[in-house]
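Everything below concerns the one structure shown next.
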Amino acid sequence: MGQKNKKDSSLIIRLPKADRDDFVALCEEMDTSASRELRDHIRKFLKKNAKKGSSS
């Protein structure tokens, strides 16, 4: 894994326990991880909205 893919930061979010449990269970059923799916969503969100604002 290259330096570009290094995971060196965390994001803590608050949500109802039932939502978290359902999400994690569904990810497990789909043979993926909650972290992987959230990273994918964040990357897609950033790409989609890249021209709407600048980062840092």
TODO: Under the salt bridge (Lys or Arg N to Asp or Glu O under 4.0 Å) rule, collect the residues that match up with Lys47, sequence neighbours excluded.
DONE: none
Task: Set of residues satisfying side chain to side chain donor-acceptor pair (under 3.5 Å) with respect to Lys48, sequence neighbours excluded - done: none
Open item on the list: Going by the rule side chain to side chain contact (heavy atoms under 4.5 Å, CB included), which residues pair with Leu11 if we only count those two or more places apart in sequence or in a different chain?
Closed with: Ile13, Ile42
Open item on the list: Arg36: which residues meet the side chain to side chain contact (heavy atoms under 4.5 Å, CB included) condition with it, sequence neighbours left out?
Closed with: Thr32, Ser33, Arg39
Do any side-chain atoms of residues 14-31 form donor-acceptor pairs under 3.5 angstrom with protein atoms, and if so which ones, sequence neighbours left out?
{"residue": "Lys17", "atom": "NZ", "partner": "Asp21", "partner atom": "OD2", "Å": "2.6"}

